[in-house]
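A note on names: the letters A, B, ... follow the listed sequences, proteins ahead of strands, and every chain is numbered from 1.
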There are 2 protein chains.
Amino acid sequence: MKDDFATLWGGGLDPTAGKTLQRQLHTKIRTSILDGKLAGGTRLPASRMLAGRLGVARITVVQAYDQLVAEGYLEARTGAGTFVASGTPDQLTQTTSPSPSNGAFAPARPQHTLLSGMPALDQFPTAIWARTTSRAMRKLDTNLMYHSDVMGFEPLRRNVASYLQASRSAVCDVSQIMIVTGLQQGLFLLAKTVLQSEAPIILEDPGYDGMLASANASGHPVRYTSVDDYGALPPRETQGLLVTSPSRQYPLGYTMPHSRRLELLDWARRTDSLVFEDDYDSEFRYAGHPLNSLQGIDGGQRVIYGGTFSKSLFPALRLGYLVLPKHMIEQVARFRSATDSFPSIGGQIALNAFMEDGDFTRHIRRLRMIHAKRKNLFTNFADTHLKRFLDFQPSDAGLHLLAYSRGELLDFGLSDGKLASLAQNAGIGAVPVSNCFQFAPRRQGLLAGFANLPDKTIEMVVKKFAHAIHMVLDTTTK
Amino acid sequence: MKDDFATLWGGGLDPTAGKTLQRQLHTKIRTSILDGKLAGGTRLPASRMLAGRLGVARITVVQAYDQLVAEGYLEARTGAGTFVASGTPDQLTQTTSPSPSNGAFAPARPQHTLLSGMPALDQFPTAIWARTTSRAMRKLDTNLMYHSDVMGFEPLRRNVASYLQASRSAVCDVSQIMIVTGLQQGLFLLAKTVLQSEAPIILEDPGYDGMLASANASGHPVRYTSVDDYGALPPRETQGLLVTSPSRQYPLGYTMPHSRRLELLDWARRTDSLVFEDDYDSEFRYAGHPLNSLQGIDGGQRVIYGGTFSKSLFPALRLGYLVLPKHMIEQVARFRSATDSFPSIGGQIALNAFMEDGDFTRHIRRLRMIHAKRKNLFTNFADTHLKRFLDFQPSDAGLHLLAYSRGELLDFGLSDGKLASLAQNAGIGAVPVSNCFQFAPRRQGLLAGFANLPDKTIEMVVKKFAHAIHMVLDTTTK
């Protein structure tokens with residue numbers, strides 16, 4: 001990907017030409033956008049990196065980007081990077097409002113992207129949560145005020161351990177549970193502590209770009225392992241930290257069979273490697289039984305398990321957990337103590353009380369039914385209105401559906417970046433699946449969130465999305 | 001320090017001797033403890049580092065440490081490292097209970113160290129906080145549930161910006177405020193983003209060991225600059241990130257005059273360097289007026305300001321803030337997005353409401369009076385009971401007092417590590433000041449917390465501490 005950009009713009013930058021290098025680069029990027037080589041939503045390389053690859057000063061790239069931002073071709077999103085603006089340059093759709101009338105799933109900011117992996121946030125028991133929090137806060141005594149366990153609040157960790165033993169066959173005790181802000185922090189902590197300094201982080205290809213961002217930030221080299229119908233293949237690397245999502249491969253949705261799990265563990269043993277099990281939405285399986293976690297099969301020797309409350313409760317809670325093999329605890333905790341300490345006690349004691357009261361289990365059980373219903377509604381309406389354009393993959397788990405572009409869409413060459421922005425405008429949390437690919441043959445399609453769409457809005461948003469696609473195809477072929 | 005250990009134990013490890021290397025190292029460390037070369041509370045070097053310096057396998061060090069932990073000579077504290085056990089080997093004191101009868105400042109765990117920099121946690125308005133939190137939580141709608149601004153909750157950031165403009169003459173707007181878990185996270189984020197990869201982090205010597213831990217974790221080389229009566233001297237380094245505490249130098253307590261502030265800024269400009277202003281407890285000044293922040297003088301070009309709610313509210317809240325120069329925002333935010341995201345929304349909205357309601361300002365104002373009173377009480381009782389042993393330095397700010405060992409204590413050679421454990425046992429949050437020194441001539445003494453001692457307990461704990469010192473001197477000279 002990085003090299004693609006250098007190839008796209010590197011040739012022909014000429015310091016002796018009449019125009020400045022900045023102006024030349026500006027023109028090249030603008031042309032790439034105008035002729036469709038760069039789809040809306042595409043992330044541009046960091047200025048430092050691109051400058052290095054083009055052999056120009058960083059300021060040249062920064063100024064070219066800045067100008068394109070000012071002209072509306074690019075968008076700088078704080079904390080995420082610089083992106084090709086959606087809908088640019090031809091304002092593909094006629095939809096005016098970026099958010100549907102029902103405020104329940106309106107974005108927090110106009111430019112905010114609807115996420116595809118959201119649970120039914122409209123069904124969150126806010127009143128119970130507020131009451132539970134209030135009760136927990138009234139017990140905030142001086143001991144809790146200077147609580148200082150970097151592993152997290154021990155009663156919460158005990159509840160997490162019990163939950164994982166029961167629901168994921170995890171082999172662990174409370175000492176191994178570390179409360180984290182999320183799985184990207186989890187990967188970063190592991191990379192900075194228990195992974196040898198030159199060893200690679202091995203990601204699934206296709207895979208989750210959030211993990212790629214965290215892996216890159218850690219400074220470790222990044223490698224990839226392919227995915228077949230059974231999930232990740234054992235890597236070719238002779239050592240490293242493999243990040244895998246066996247419960248439900250992201251983005252393809254495969255559940256890894258037991259045999260493949262054993263192969264991965266065998267690879268880890270043979271090569272003295274580590275495995276980070278990213279179990280991001282395993283709570284939501286709508287048919288069949290979940291398989292035992294890799295961590296459970298391994299017994300917690302080489303597998304670090306990671307889970308999150310972002311999907312089961314809500315993402316801004318920023319609470320997740322790691323199950324660390326015992327010999328890693330001290331090293332990870334020491335680094336974390338030096339660089340981050342631990343998540344605020346308030347959220348931890350509230351969540352602990354929510355679990356103690358049985359509200360967590362009740363909420364998950366309820367969400368499973370709600371999500372299953374929404375999946376069926378969404379699938380049915382999509383079958384009626386979107387089948388021509390999108391090939392929805394069967395799935396019995398998770399919070400989003402994978403759909404590959406097909407037929408007219410492919411013929412027309414509408415990029416999935418543009419497609420995702422049409423879905424977003426219609427009110428469907430969607431990300432282009434092509435973003436997930438590195439070296440594997442890139443496919444076009446969407447990860448479309450269904451779980452956070454209130455039942456009664458599903459027909460409307462699906463139709464709106466289908467209408468927007470029709471508009472694009474009609475308008476442009478005229 | 002690291003080299004001290006290698007010198008202490010390195011000579012004479014002999015792989016051809018009858019005893020294993022592990023056994024030899026075990027004996028050497030044990031002897032260092034028994035003959036008093038290693039004081040209780042001393043942190044041992046990380047096993048990997050010591051192994052490197054001694055030229056032995058890491059497992060050798062790990063096993064030697066493990067055995068000493070099993071024998072009670074060392075303590076492994078999760079997330080903090082391996083320490084010489086307090087009171088070992090001669091069980092210096094007869095005090096039996098580690099915590100005073102008043103539970104208000106009892107340690108959360110038996111082995112927990114009372115921190116010296118604690119505010120009056122017994123005076124925290126828990127009922128108001130619980131009510132405010134509950135009210136904030138009832139407003140938790142789906143927008144807040146998928147809030148995703150890595151800079152933090154914008155209304156809170158706006159309140160922080162106003163507070164800093166008014167109270168610290170900070171030059172900033174809301175876009176520059178990043179909510180963090182604390183100042184060590186702040187330093188780590190800066191080190192990983194805006195500091196050139198080989199550039200040093202320059203710490204004050206003496207200084208805060210928490211910053212040293214964060215600096216080391218970042219992988220940057222660490223250098224030191226000396227401290228005189230005006231605070232940190234301009235570093236000799238020709239580039240880097242200087243960490244300084246001008247409001248109240250830690251641990252010496254000096255307030256940096258304006259002239260020195262200008263010298264530091266001049267150094268930063270000349271060398272194209274950065275300054276991290278650690279303003280850890282500037283809220284608590286009991287006489288005179290605070291000087292403008294370095295950030296305010298600089299105008300936010302080269303100075304990154306950091307503050308925390310750990311001292312003004314309570315440490316387990318884990319909320320603090322950075323004021324980032326505008327050109328740094330995107331880079332810091334991107335790294336943070338990849339590796340940590342942001343603190344849980346709950347604590348942020350609760351704190352925001354607490355500030356909106358004026359409760360924050362009221363609480364700080366009230367604490368100032370309470371702390372001033374406790375400081376006077378503590379100073380008076382210390383003058384009566386501890387003057388023989390400890391030379392308390394005058395101070396009109398902060399949450400702890402600095403006292404140097406003197407007279408009999410020095411003659412006797414009681415280390416401040418042991419002294420701190422006597423203070424801890426008596427119920428006074430205390431840390432040995434010698435821990436703060438690197439190359440500067442090391443002094444013995446204590447940082448003794450006064451602010452978190454309820455008024456009526458102060459006389460008792462001071463007397464108890466004095467009694468414990470008498471016991472040690474008497475018992476051992478018999």
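There is no contact between B/Arg135 and chain A, counting heavy-atom distances below 4.5 Å. For a residue to count as touching a neighbouring chain, one of its non-hydrogen atoms must lie under 4.5 Å from one of that chain's; by this rule A/Phe153 does not touch chain B. Interface remark: A/Thr133 contributes side-chain atoms only to the contact with chain B (heavy atom separation under 4.5 Å). Looking at A/Leu319, there are no atoms closer than 4.5 Å to chain B (heavy atoms on both sides), in backbone or side chain.
The shortest distance between side-chain heavy atoms of A/Ile345 and B/Phe314 falls below 4.5 Å. The closest side-chain heavy-atom distance from B/Met118 to A/Thr142 is not below 4.5 Å. The shortest distance between side-chain heavy atoms of A/Leu313 and B/Met145 does not fall below 4.5 Å.
Considering only residues two or more places apart in sequence or on other chains, A/Lys139 meets the salt bridge (charged side-chain N to carboxylate O under 4.0 Å, His left out) condition with none of them. Remark: A/Arg336 engages A/Asp340 in a salt bridge (charged side-chain N to carboxylate O under 4.0 Å, His left out) (not counting sequence neighbours). For B/Asp141, the salt bridge (charged side-chain N to carboxylate O under 4.0 Å, His left out) test picks out no residue, with sequence neighbours left out.
Note that the OG atom of A/Ser341 and the CD atom of B/Gln184 stand 7.5 Å from one another [nearest 0.5 Å]. For the atom pair CG of A/Leu317 and CG of B/Leu144, the computed distance is 12.5 Å after rounding to the nearest 0.5 Å.
Most heavy-atom pairs under 4.5 Å with chain A, from the set B/Arg138, B/Gln331, B/Gln348: that is B/Arg138. In terms of non-hydrogen atom pairs under 4.5 Å with chain A, the most contact-rich of B/Thr132, B/Val332, B/Leu140 is B/Leu140. Of the listed residues (B/Ser344, B/Ala217, B/Ala130, B/Ala316), the greatest number of heavy-atom pairs within a distance under 4.5 Å of chain A belongs to B/Ala316.
Put simply, the side chain of A/Ser134 never gets that close to the backbone of B/Ser134: no donor and acceptor are under 3.5 Å apart.
Interface with chain A: from residues 185-194 of chain B, residues B/Gln185, B/Phe188, B/Lys192 qualify, criterion being any non-hydrogen pair under 4.5 Å.
What you find for B/Thr126 and A/Met137 is that their closest heavy atoms are CG2-O, 3.5 Å. The minimum heavy-atom distance linking A/Pro315 with B/Tyr146 is given by the pair CG-CB, 3.7 Å.
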